[in-house]
Amino acid sequence: MNYWDKEKECMPREYLEKLQLRRLQETIYRVYAFVPAYREKMEALGVKPEDIRRLEDLKLLPFTTKQDLRDNYPFGLFAVPMSEVVRIHSSSGTTGKPTVVGYTSKDIDTWAELMARSLYSAGASRYSVIQNSYGYGLFTGGLGAHYGAEKIGASVIPTSGGNTKRQIMLMQDFGTNILTCTPSYALFMHEVMQEMGIKPSDLKLKAGVFGAEPWSENMRREIEGKLEIDAYDIYGLSEIIGPGVAIECPRKNGLHIAEDHFIPEIIDPETCEVLPEGTPGELVLTTVTKEALPIIRYRTRDLSTLNRSVCECGRTHARMAKVLGRSDDMVIIRGVNVFPSMVESVLLNIPGVEPHYLLVVDRRGNLDELEVYVEVSESVFSDEVRKMERLGLQIGKELESALGIAVRVRLVEPKTLERSEGKAKRVIDKRNI
Amino acid sequence: MAKQISVFLENKVGRLAHVTRVLGEAGINIRALSIADTSDFGILRLIVSDPAKAYQVLKDARFTVSETEVIAVQVPDSPGGLASVLERMTEQELSIEYLYAFLGTRGDDALVIFKVEDIAKARKIFNEKGIKFLDESTLYKL
């Protein structure tokens, strides 16, 4: 078994919890003293730093949301002077003011450690050639993975996203062993490889570390089958630190959250009550070592479950189930919660159908309608209308039974749906609600 | 026996023009065509002068394409000509998926493209019943 830092990753829970409590208390004292927004929120709830005596007292603390980061744009939640900040990242801000995050040099080092753990868990070593196709720049994916790979001592190819043909040429010529990118980009790369006439056996690719968007077990099988690699899920978000918050081990049975740096909780997104272990709900994370931007009880909007039992791999850190949706990506159609990942699972179970799809929600009269666009690949194409209509009906029927609502399927030409080199766009909501 | 090129088309402006332009630029001549359409999509079926090349250029232009075996049958170009051929096929319980007419003629005969379920059976029946059909090489040169 590959551990980057066995002492931390396999620390007995008893010690781990003592470490978490001490670090949590320090963090709370610090934000109370240095971040007026946190102090005000705590005062409003009547909580003082000294009230946090046990880990369970975490639930007394206020939540933090994306809106809090926007309200304090750009640096209002920083707990250190700007002279200590060595890096600033930011979201694209497509839905309003961007969210801005900062790092001290110790934060950058922590992040690199966590990414090193993650890549090591996926089999990387100093002998690996790692091709990093996460976007470099304001997005945390590129630089986060880069620093971790360098920390291990691997050879990093900082290709960033885009220019896919050249990426594949480099992958072949440089003998890339590990690919880091979004899962949808990995599939797109495979399509381009086919066009170029390059087979997985022409490459030295062994594993991929894929994240930045939710993907299903079916999509894992698809990627592993097509690229002939092991596909690992990595989880992270810039508000917490970036990629490396959690990573799968070779058991691929949940992602180990780096609990020496983050405390996870699962809450009911409606009532905000903490839910018992194993119950699905929204993941909430608290950072306990971050200096520049400590975040208390951040509502990730990602839906998952927690499992604190010791993993077969020997790691003691809690495992979060693969994220299969976001409480805000969810579309509610006629009172039914629909996640794009549910559609993806259904499509991948129909032989020959590619997981390239788009959900279009519209309101006709007073009725919401869901239309799912599905690309027709050569393997399912027939010259007979009857067979094509049957295919559409079959997909529709399977979607209906999985989602619980009527679905209209529209068959579209391949490669007409947007292929993103970052996060794939899966839902268009045309309703004006 | 003949190879038909089938192309999946969304019902969107300009798609058919695009297919024919791609073929035209590759120097491929269309010998027969038909479109089966639904409200969302259409299936374009083509008999062309060079099916292998047509398949490749359309694939390169990112269309979903397939090759389908069909039969080109010579039908007397006179009233009742097609009916007599169809009647003989019906007698033999040879089911037809679809058919369409060829753009040119061969001597006094019209040409009709048939997609049937069982090609081997069709050939046998055509031979026995004296229905004339064309081989590939003759067809593409017409």
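Quick note on labels: first sequence line is chain A, next is B, and so on, each numbered from 1.
Contact annotation for B:Arg45: only side-chain heavy atoms (C-beta onward) come within less than 4.5 Å of a heavy atom of chain A. Only the side chain of B:Phe41 has a heavy atom closer than 4.5 Å to any heavy atom of chain A. Using a 4.5 Å cut-off between heavy atoms, A:Val380 does not touch chain B at all. For B:Thr68, the part lying under 4.5 angstrom from a heavy atom of chain A is the side chain only. Residue B:Leu44: no heavy atom, backbone or side chain, is found under 4.5 Å from chain A.
Side chains of A:Thr180 and A:Tyr232 form no contact here, defined as non-hydrogen atoms less than 4.5 Å apart.
Using the six-membered ring where Trp is involved, B:Phe133 and B:Phe126 have ring planes that are tilted, between 30° and 60° apart.
Remark: of the listed residues A:Asn177, A:Leu179, A:Ile223, A:Ile223 is the sole one forming a side-chain contact (heavy atoms from CB on, under 4.5 Å) with A:Ile229.
Without hydrogens or angle criteria, A:Asp230 side chain to A:Ala207 main chain gives no donor-acceptor distance under 3.5 Å.
Residue A:Thr176 comes nearest to A:Leu170 through the heavy atom pair OG1-O, 4.3 Å, listed as atom of the first residue, atom of the second, then distance.
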